[in-house]
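In what follows, a structure is listed as structure tokens, so that the remarks can point back to it.
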Amino acid sequence: MIKNEIGQLVQAAVRKAQEAGDLPAAAIPDAPIERPQRPEHGDYGTGLAMRMARAAQMNPLEIAKIVARHIEGDSQNGVFAAIEVAPPGFINFRLSRDWLAAQVDAILATGPEFGNISLGAGKKVQVEFVSANPVGPIHVGNGRGLALGDTLARALAAAGFEVEREYFVNDAGTQTDIFAETLYVRYQQLFGREVEIPEGGYPGEYMLDLANALKDELGDSLLRPEGEPKPPEVHDRGVALMLENIRQDLDAIGVQYDNWFSERSVYDDGTYKKTMDLLREHGFVSEREGAVWFVSSSLGEEKDNVLVRSTGAPTYFASDIAYHYDKFVTRAFDRVINIWGADHQGHVPRMKAAVTALGVDPDRLEIIIYQLVTLKRGEEVVRLSKRAGDIVTLRSVVDEVGADAARYNFVTRAADSHMEFDIELAKRQSAENPVYYVQYAHARIAGILAQAAERGLDFEGGDVGLLKEDAELDLVRKMLRLPELIEQIALSNEPHQLPYYATEMATAFHDFYEKCRVLSDDEALSRARLKLVSAAKTVLARSLSLMGMSAPERM
RNA sequence: GCCCCCGUAGCUCAGUUGGAUAGAGCGUCGGCCUCCGAAGCCGGAAGCACAGGUUCGAGUCCUGUCGGGGGCACCA
């Protein structure tokens with residue numbers, strides 16, 4: 001990556017200047033290599049000199065000049081057209097046209113892998129997202145965690161990490177008990193019994209469908225004499241069916257998990273017991289008021305948390321600690337990323353404390369909290385509640401606007417921002433969504449390539465040295481940003497950068513398209529430009545695929 | 001009451017970890033198809049909630065005010 005190479009050049013130049021006595025020997029500050037906003041300032045720049053000024057007791061402009069001089073002393077093989085110093089002390093780098101043009105060949109040689117970096121080589125990372133209770137269908141709000149999680153997972157994979165997507169299935173708690181209770185009521189109703197949905201149950205339509213599925217599958221075999229408790233199969237089969245529904249909904253938006261982790265399994269395989277023993281060993285467990293507590297207050301938490309209720313039933317918190325023991329110790333992930341909705345924010349500090357109590361560095365637990373989605377129909381705010389049966393399913397939105405547009409909508413907002421999702425607006429704008437802007441650029445290139453093929457023309461032997469127009473080289477510049485973006489996302493866990501990049505890529509192409517003809521009488525130039533657009537097509541397709549979106553050949 | 005997040009153009013959102021003259025889509029006003037796809041391009045109008053502070057430099061960091069969302073369970 002040229003950006004990193006420039007960073008190393010700068011660091012080396014400072015050291016050389018220090019050795020030569022031109023700069024005082026002091027620690028070299030961290031100074032990111034940035035892309036200046038204005039093209040006049042070159043392709044890359046750094047504010048290093050300003051950061052050094054105080055310690056060095058020198059004018060930043062002076063420092064910048066000295067550093068620049070020591071860089072120029074290095075042989076650059078024509079990579080840069082200019083290395084300039086600008087007030088109050090920026091050092092700017094301008095890439096040469098020849099070097100830029102040559103990158104087209106490099107990108108074509110790399111192919112669809114272009115963008116991959118080795119940042120995460122040899123490291124295992126788990127991304128856990130959505131993990132909605134299997135008591136109802138995936139709703140629109142979950143779409144956000146889903147798009148963020150899946151896109152982040154894809155970006156991390158591109159960054160070289162070994163990535164596992166995981167869905168934690170809450171199949172052991174009170175929620176699924178109530179769900180099963182409701183299901184049994186619906187099931188009995190199918191056989192004419194007059195029973196009511198319990199307090200706090202799930203009145204949604206889908207419960208009827210599930211009951212019917214149970215009936216189709218098992219007939220009346222689950223029926224027990226009136227008033228007697230339901231057989232355990234209702235719970236297990238019901239959850240399984242619900243999960244199957246969820247899996248299909250996720251499939252419809254293009255998300256596949258590598259692993260579905262059962263909460264119950266931590267009890268069955270001894271993980272739970274092992275974890276609690278460990279906590280006790282480390283002195284973080286106390287018993288009072290008939291319950292078992294995690295003494296998080298000794299780790300700076302405001303209050304302790306219950307692990308085992310006075311009824312003897314473990315809390316979700318206890319399950320979760322065992323679950324994280326499995327993540328960090330048993331499966332030994334280097335990075336564990338959890339994506340939670342803002343309604344779980346209170347869970348963050350105590351989970352960090354719990355991980356610490358297990359002897360794991362809490363920084364290895366990375367939790368992304370995304371703000372909840374406000375769902376609107378025009379002006380009206382829609383309240384979601386599974387209990388009230390008022391759910392807008394993700395599936396309904398996907399069916400309405402398409403998977404690509406739905407994903408784009410969700411992934412394009414930073415997790416921290418409070419997002420509004422207007423169902424009416426999403427539908428109305430589905431035909432003029434930014435997604436199509438990007439996809440159109442891709443399809444346009446496909447059209448050009450098809451036409452070239454008809455003329456019996458391809459890019460074989462094309463000389464990229466013929467690419468000299470600003471529009472051509474700006475397109476190359478944009479392409480070179482992809483690996484930088486992958487790195488940024490892998491470090492910051494902010495996949496929302498991707499759609500903006502894809503849009504910029506499309507703009508750069510459309511701009512080029514308006515200004516330069518690819519297929520012309522000049523065969524040599526045509527071949528060179530076919531190389532350029534082929535590379536652009538690869539990069540556009542990669543950008544789209546990183547977001548889980550399709551790259552159509554025609555639209 | 002305490003804690004977390006947010007407030008940027010008419011609307012929905014970005015803003016490169018503190019950088020140089022704050023951007024995009026939609027909407028709006030005006031222009032561009034005898035030539036590779038007009039789902040495109042070019043141009044106009046329009047904005048950092050408010051008040052202090054930190055420093056070479058603040059939309060970005062700190063404090064306060066106002067406004068909105070979320071959290072403070074032996075729920076998950």
Side-chain angles (χ1 to χ4, degrees), chain A residues 32-38 40-41 45-47 50-51 53-54 59-60 86-90 92 131-133 135 170 173-176 200 263 289-293 302-303 305-311 313-317 319-320 341-349 369-374 409 412-422 425-426 428-429 431-441 443-452 455 481 484-485 488 491-492 494 496-497 499-500 503-504 506-507 509-511 513-520 526 529 533 554-555:
Chain A
I33 304 298
E34 297 164 323
R35 293 232 177 196
Q37 287 179 20
R38 310 191 64 78
E40 310 92 89
H41 297 137
T46 178
M50 273 95 79
R51 298 183 192 221
R54 184 180 293 269
N59 182 325
F90 290 101
N92 294 325
S131 298
N133 286 339
V135 296
N170 298 108
T174 50
Q175 298 297 323
T176 47
E263 177 181 11
E289 299 156 30
V292 180
W293 297 74
E302 271 189 31
K303 42 188 158 179
N305 295 278
V306 172
L307 293 169
V308 184
R309 302 177 181 90
S310 44
T311 62
T315 60
Y316 169 79
F317 183 46
S319 296
D320 217 11
D343 52 342
H344 285 63
Q345 60 178 250
H347 195 49
V348 175
I369 296 291
Y370 64 88
Q371 299 304 313
L372 301 183
V373 177
T374 306
N409 253 307
T412 197
R413 272 84 167 191
D416 272 347
S417 75
H418 296 262
M419 115 172 237
E420 278 189 9
F421 192 95
D422 186 332
L425 198 65
R428 230 181 312 128
Q429 291 185 349
E432 35 202 320
N433 192 288
V435 185
Y436 299 101
Y437 179 81
V438 179
Q439 291 179 328
Y440 180 59
R444 243 183 172 181
I445 297 174
I448 295 169
L449 296 179
Q451 209 160 112
R455 300 190 195 180
R481 251 198 70 194
E484 297 171 13
L485 187 73
Q488 192 190 336
L491 293 174
S492 68
E494 290 182 344
H496 73 275
Q497 299 292 343
Y500 291 94
T503 306
E504 284 175 29
T507 299
F509 168 73
H510 288 309
D511 181 57
Y513 180 88
E514 294 296 323
K515 289 173 179 159
C516 306
R517 252 196 98 76
V518 176
L519 304 174
S520 66
S526 296
R529 286 184 171 163
V533 298
R554 68 170 66 96
M555 340 180 13

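A note on names: the letters A, B, ... follow the listed sequences, proteins ahead of strands, and every chain is numbered from 1.
Comparing B:rC32 with B:rG37, their C1' atoms are spaced 16 Å from each other, to the whole Å. Separating the P atom of B:rC42 from that of B:rG57 is a span of 37 Å, rounded to the nearest Å. With both ends at atom P, the span from B:rU21 to B:rU63 equals 28 Å, rounded to whole Å. Taking atom P in both B:rA39 and B:rU34, one finds a spacing of 15 Å when rounded to whole Å. For the P atom pair drawn from B:rG44 and B:rG59, the interatomic distance equals 24 Å after rounding to whole Å. Look at the P atom in both B:rC35 and B:rC26: the space between them is 25 Å, to the nearest Å. Rounded to whole Å, the separation between the C1' atoms of B:rC11 and B:rG27 comes to 8 Å.
Of the candidates B:rC13, B:rG70, B:rA39, the closest approach to any side-chain atom of A:Asp343 belongs to B:rG70. Closest contact between the side chain of A:Glu420 and the listed nucleotides B:rA76, B:rU12, B:rG37 involves B:rU12. The side chain of A:Arg517 lies closest to B:rC36 when the candidates are B:rC36, B:rA76, B:rA20. Of the candidate nucleotides B:rC36, B:rG40, B:rG71, B:rG40 has the atom nearest to the side chain of A:Tyr440. Of the listed nucleotides (B:rG68, B:rA20, B:rA76), B:rG68 has the atom at the smallest distance from the side chain of A:His418.
In this structure, the side chains of A:Val435 and A:Asn409 stay at 4.5 Å or more apart for every pair of heavy atoms. Taking 4.5 Å as the limit, some side-chain heavy atom of A:Met555 sits within range of a side-chain heavy atom of A:Gln439. Put simply, the side chain of A:Leu449 reaches to within 4.5 Å of the side chain of A:Val533, judged on heavy atoms. Considering only heavy atoms from C-beta on, A:Leu307 stays 4.5 Å or farther from A:Trp293 through its side chain. Looking at heavy atoms from C-beta onward, A:Leu519 lies in side-chain contact with A:Ile448 at the 4.5 angstrom threshold. You'll find the side chain of A:Ser310 stays beyond 4.5 Å of the side chain of A:Glu289, heavy atoms only. Between A:Phe421 and A:Thr374 the shortest side-chain heavy-atom distance does not fall below 4.5 Å.
Rounded to whole angstrom, the span from the CD atom of A:Glu514 across to the C1' atom of B:rG40 amounts to 6 Å. Look at NE2 on A:His344: it is 10 Å from P on B:rC72, rounded to the nearest Å. The CZ atom of A:Phe317 sits 14 Å away from the P atom of B:rC72 (whole-angstrom rounding). Nucleotide B:rG37 holds its P atom 11 Å from the CG atom of A:Leu449, rounded to whole Å. Separating the CE atom of A:Met419 from the C1' atom of B:rC5 is a distance of 16 Å, rounded to the nearest angstrom. We find that CZ of A:Phe421 is positioned 14 Å from P of B:rU12, with the value rounded to whole Å. Distance NZ (A:Lys515) to P (B:rC36): 19 Å, rounded to an integer number of Å. With rounding to whole Å, A:Asp511 atom CG is found 11 Å from B:rG40 atom C1'.
Under the 30°/60° scheme for interplanar angles, the aromatic rings of A:His496 and A:Tyr500 are found to stand perpendicular.
The strand RNA chain B forms stems, runs of 3 or more Watson-Crick or G-U wobble pairs with distances below 3.5 Å, at B:1-7 with B:66-72, B:10-13 with B:23-26, B:28-32 with B:40-44, B:49-53 with B:61-65.
Within 3.5 Å, a donor on the side chain of A:Ser310 pairs with an acceptor on the base of B:rC74, or the reverse. Contact annotation: side chain of A:His510 to base of B:rC41, donor-acceptor pair absent below 3.5 Å. The base of B:rG70 has none of its N or O atoms less than 3.5 Å from a complementary donor or acceptor on the side chain of A:Gln371.
There is a side-chain donor-acceptor pair under 3.5 Å between A:Thr507 and A:Tyr437. A donor-acceptor pair shorter than 3.5 Å can be found between the side chains of A:Glu263 and A:Ser319.
In B:rC33 the O4'-C1'-N dihedral to the base is within 90° of 0, which defines a syn nucleotide. Nucleotide B:rU17 is shown with a syn base, its glycosidic torsion being within 90° of 0.
A distance of 8.0 Å separates OH in A:Tyr316 from CG in A:Asn133, rounded to the nearest 0.5 Å.
Checked against ring-ring contact (aromatic ring centres under 6.0 Å, His included), A:His41 has no partners two or more places apart in sequence or in another chain. Shown here are the ring-ring contact (aromatic ring centres under 6.0 Å, His included) partners of A:His418, two or more places apart in sequence or in another chain: there are none. Listed by chain and number, the residues in a ring-ring contact (aromatic ring centres under 6.0 Å, His included) with A:Tyr440 are A:His510 (sequence neighbours excluded).
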Distances for protein N or O near nucleotides 25-27 of chain B N or O, under 3.5 Å:
from	atom 1	to	atom 2	distance (Å)
B:rC26	O2'	A:Gln429	NE2	2.9
B:rG27	OP1	A:Glu432	OE1	3.2

**OP:** Mark up nucleotides 14-19 of chain B, 5' to 3', with B wherever a protein heavy atom is under 4.0 angstrom from a base atom, S wherever such an atom reaches only the sugar-phosphate, and - elsewhere.
**Re:** SSBBSB
